[in-house]
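Below is one structure, written out as structure tokens, with a few remarks after it.
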Amino acid sequence: MGGDRQHYYGQHGTPQKYDPTFKGPIYNRGCTDVICCVALFIAIVGYVAVGIIAWTHGDPRKVIYPTDSRGQFCGQKGTPNENKPFLFYFNILKCASPLVLLEFQCPTPQTCVEKCPSRYLTYRQAYTLPQDFEYYKQFCVPGFGKVKSPTEVLRDGDCPAVLTPSKPLARRCLPAIETHKGVITVGNETTFEDGHGQKRNVSELVEGAKKANVVLEARQLAMRVFEDYTVSWYWILIGLVIAMALSLIFIVLLRFLAGIMIWIMIVMVILVLGYGIFHCYMEYARLRGEAGSDISIGDLGFQTDFRVYLHLRQTWLAFMIILGEGPTFPNSNVTRLCPDARCQFAFYGGETGYHRALLGLQIYNVFMFFWLANFVLALGQVTLAGAFASYYWAIKKPDDLPAFPLFSSFGRALRYHTGSLAFGSLLLAIVQVIRVILEYLDQRLKAAENRFAKFLMTCLKCCFWCLEKFLKFLNRNAYIMIAIYGTNFCTSAKNAFFLLMRNIIRVAVLDKVTDFLFLLGKLLVVGSVGILAFFFFTHRIKIVQDTAPSLNYYWVPILTVIIGSYLIAHGFFSVYGMCVDTLFLCFLEDLERNDGSVERPYFMSSNLKKLLNKTNKKLAES
């Protein structure tokens, strides 16, 4: 048995030995991982230097004034576009492309114009009449002349395919929210009156009108959503305050009534989900036989008024399924090989060293963002761990606690362990940057037909996702050891890892129980506040029918309250989770250091000793 025990500890490190002087987080400690602290300081200085370079080489006017595809400002004095203050997009729908987020520019030709379009007109129609062509030409690329056929012009992107009535917003021409004036119907043929009072066939405008309507509806949706926020923001804040109060009450009750609270949460979550399923079924049954209720969501398509979907049986069926499963170039042949290719503005003044290093500077910017964000989170975790450890290792609670445990822990972490926190957050930041690069490459290679490349990319993304999760788990426990013993990052990570491996069964049970407990708590808070918000904003509570605001889309404040409630509950339970992890590691250390004798009493609470059938002999004899 002794040989097995020695072999066991040899595989998973050496258990902590009894130390009569150990009374909790060590105060007499030294600085750790100083090299990483210096590296972080140098990196921050470099980060500031990158900001200075961006400010000196960048142009703040680009934030305020729009520029065309050639990089020329619209409406600036002393420029060719001095009398053209507005920016016109050839196809504004392309601005919704994911490339906008990756390349920070809209992938469609853009030109400066004197006025935004005021009527519907296609290029093919304008090509036939000189008056319309002169009007249309101002929205084409500068210097455009009538030397190509309409097909060639549209192929080369010299002019937009269709003009739609637009209004300037932030010096950019966006589709106007208004009815289509001048549209009339004669028999089965649709016509409209142009600016000269002539009736024309608009059969060629069908595709362009469909695209324009999508943009119009999207902008109209945004305006209505903004209006709903302006009349319901204070009620949203009240809902978030309720979520905060529920989260706090839940944690307080969990502190004193953990066993009972688990069963209460299970019952409450079942009731909430059960009511949701019942409500969805009643709506599903009510719509049976109603005209239009059997239309599928796919056939209906995208609608800006989301209340339309509530009149479909398929919508309520989907809700029932979700609730039932929860929560679980001219001198080359480029134009011939690639007809869509065209010259785009890159930068001013030729390619300099700054432009050649621009990609590296952007990567450094992203890397420093991750590093500093992870460092701030690490500092918070070490601070909390030090405060909770001070509570556990106090013999007489709360008499032996320091006066300000949270501030004391924060001071120790910032004074002695900035380097260790920088080391742990650096490892995590490197993995996160690699994941961002892989995601970028995956977006770029989506059109590739190489199955091996896709398989390799999927494997790499999965491996680095797992590595990030493991590092977060390891760092979290290493920070607890740093807060208690003041050791460097590598030593703390090693000791924490081996301590958990020596108690792997307890670790597995605790993780599953706490994850399930926090999941139930989040569901309870979010579900309760969500149901309350639903009944309030839909005017189903008679007492507050006159108080609730009139909304265009009641789902706007409801969805905001639900998301905000989840974030609030997640924040509360994250602090509680750090408390659980810290006390658990202290508990494991307590079992290895002490045996309950007079010389080596347990530090754990009386309830925990009863649960494990442990006693301190001194207390038992008295």
Side-chain angles (χ1 to χ4, degrees), residues 63-66 85-87 89 92-93 95-96 100-101 106 116-118 164-181 211-248 276 279 300-312 315 319 522 525-572:
V63 181
I64 304 174
Y65 302 104
F86 306 118
L87 184 67
Y89 299 92
I92 198 172
L93 292 178
C95 296
V100 176
L101 299 177
C106 189
C116 296
S118 59
T164 58
S166 304
K167 290 184 178 180
L169 180 64
R171 296 177 178 263
R172 290 163 176 82
C173 295
L174 300 178
I177 306 176
E178 58 186 5
T179 58
H180 298 177
K181 298 180 180 179
K211 295 180 179 180
N213 285 335
V214 173
V215 178
L216 292 173
E217 291 180 359
R219 187 163 182 250
Q220 188 177 15
L221 171 65
M223 295 298 293
R224 289 178 177 176
V225 168
F226 179 77
E227 182 182 352
D228 288 341
Y229 277 123
T230 58
V231 299
S232 64
W233 64 269
Y234 46 91
W235 294 110
I236 293 176
L237 290 180
I238 292 175
L240 297 181
V241 170
I242 294 175
M244 188 180 301
L246 288 178
S247 300
L248 181 60
H279 182 79
L300 182 63
F302 176 76
Q303 300 292 328
T304 57
D305 189 353
F306 287 88
R307 288 174 292 187
V308 175
Y309 297 105
L310 299 181
H311 296 281
L312 302 180
T315 302
F319 287 162
K522 293 176 184 178
V525 172
V526 175
S528 301
V529 177
I531 290 177
L532 180 62
F534 174 78
F535 279 100
F536 177 78
F537 288 111
T538 55
H539 302 269
R540 301 196 180 191
I541 303 179
K542 295 183 179 180
I543 303 177
V544 294
Q545 280 184 348
D546 297 333
T547 307
S550 298
L551 303 169
N552 296 308
Y553 310 114
Y554 62 80
W555 54 265
V556 171
I558 294 176
L559 189 61
T560 304
V561 168
I562 289 176
I563 295 176
S565 300
Y566 175 80
L567 295 177
I568 290 173
H570 179 73
F572 272 87

(request) Determine, stepwise, if the pair W555 / F537 fulfils side chain to side chain contact (heavy atoms under 4.5 Å, CB included). (result) CA-CA 8 Å; W555 54 265; F537 288 111; over 6 Å; no
(message) Is there a side chain to side chain contact (heavy atoms under 4.5 Å, CB included) between Y566 and I563? Walk through the geometry before answering.
(response) CA-CA 5 Å; Y566 175 80; I563 295 176; 5.8 Å; no
(request) Would you tell me whether Y229 and T560 have side-chain atoms, one donor and one acceptor, within less than 3.5 Å of each other? (result)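 Result is yes, a qualifying pair exists.
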Quick check for you: to the nearest 0.5 Å, what is the distance between [X] atom [atom1] and [Y] atom [atom2]?
| X | Y | atom1 | atom2 | result |
| --- | --- | --- | --- | --- |
| K522 | I568 | NZ | CD1 | 13.0 Å |
| L559 | Y554 | CG | OH | 12.0 Å |
| I562 | I531 | CD1 | CD1 | 9.0 Å |
| T538 | F536 | OG1 | CZ | 10.0 Å |
| L532 | I242 | CG | CD1 | 5.5 Å |

(request) If the plane angle is over 60° it's perpendicular, under 30° parallel, otherwise tilted; pick one for H279 and F534. (result)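 Rings of H279 and F534: perpendicular, over 60°.
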(request) For the residue pair R171 and P85, establish whether any side-chain heavy-atom pair is separated by less than 4.5 Å. (result)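 R171 vs P85: side chains touch.
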(message) Side chains of V556 and S232, heavy atoms from C-beta outward: is any pair under 4.5 Å?
(response)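 They are not in side-chain contact.
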(message) Ignoring hydrogens, what is the shortest heavy-atom contact between A243 and V525? Give both atom names and the distance.
(response)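 That would be O-CG1, 3.9 Å.
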(message) Could you walk me through whether S166 and L174 satisfy the side chain to side chain contact (heavy atoms under 4.5 Å, CB included) test, starting with their C-alpha distance in whole Å, then the side-chain angles of each, then the deciding distance to 0.1 Å, before giving a yes or no?
(response) CA-CA 5 Å; S166 304; L174 300 178; 5.9 Å; no
(request) Please list, chain by chain and in numerical order, all residues satisfying ring pair (Phe, Tyr, Trp, His ring centres under 6.0 Å) with Y89, sequence neighbours excluded. (result)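 Partners of Y89 by the ring pair (Phe, Tyr, Trp, His ring centres under 6.0 Å) criterion come out as none, since no residue qualifies.
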(message) Applying side-chain contact (heavy atoms from CB on, under 4.5 Å), can you list everything that pairs with V561, at least two apart in sequence or on another chain?
(response)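 V561 satisfies side-chain contact (heavy atoms from CB on, under 4.5 Å) with I236, V529, A533, S565 once adjacent residues are dropped.
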(request) Take S550 and V231, measure what side chain to side chain contact (heavy atoms under 4.5 Å, CB included) needs, and give me the verdict at the end. (result) CA-CA 8 Å; S550 298; V231 299; over 6 Å; no
(request) Measure from the side-chain N and O atoms of T230 to the backbone N and O of E227, and report whether any donor-acceptor pair falls under 3.5 Å. (result)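 A pair under 3.5 Å: yes.
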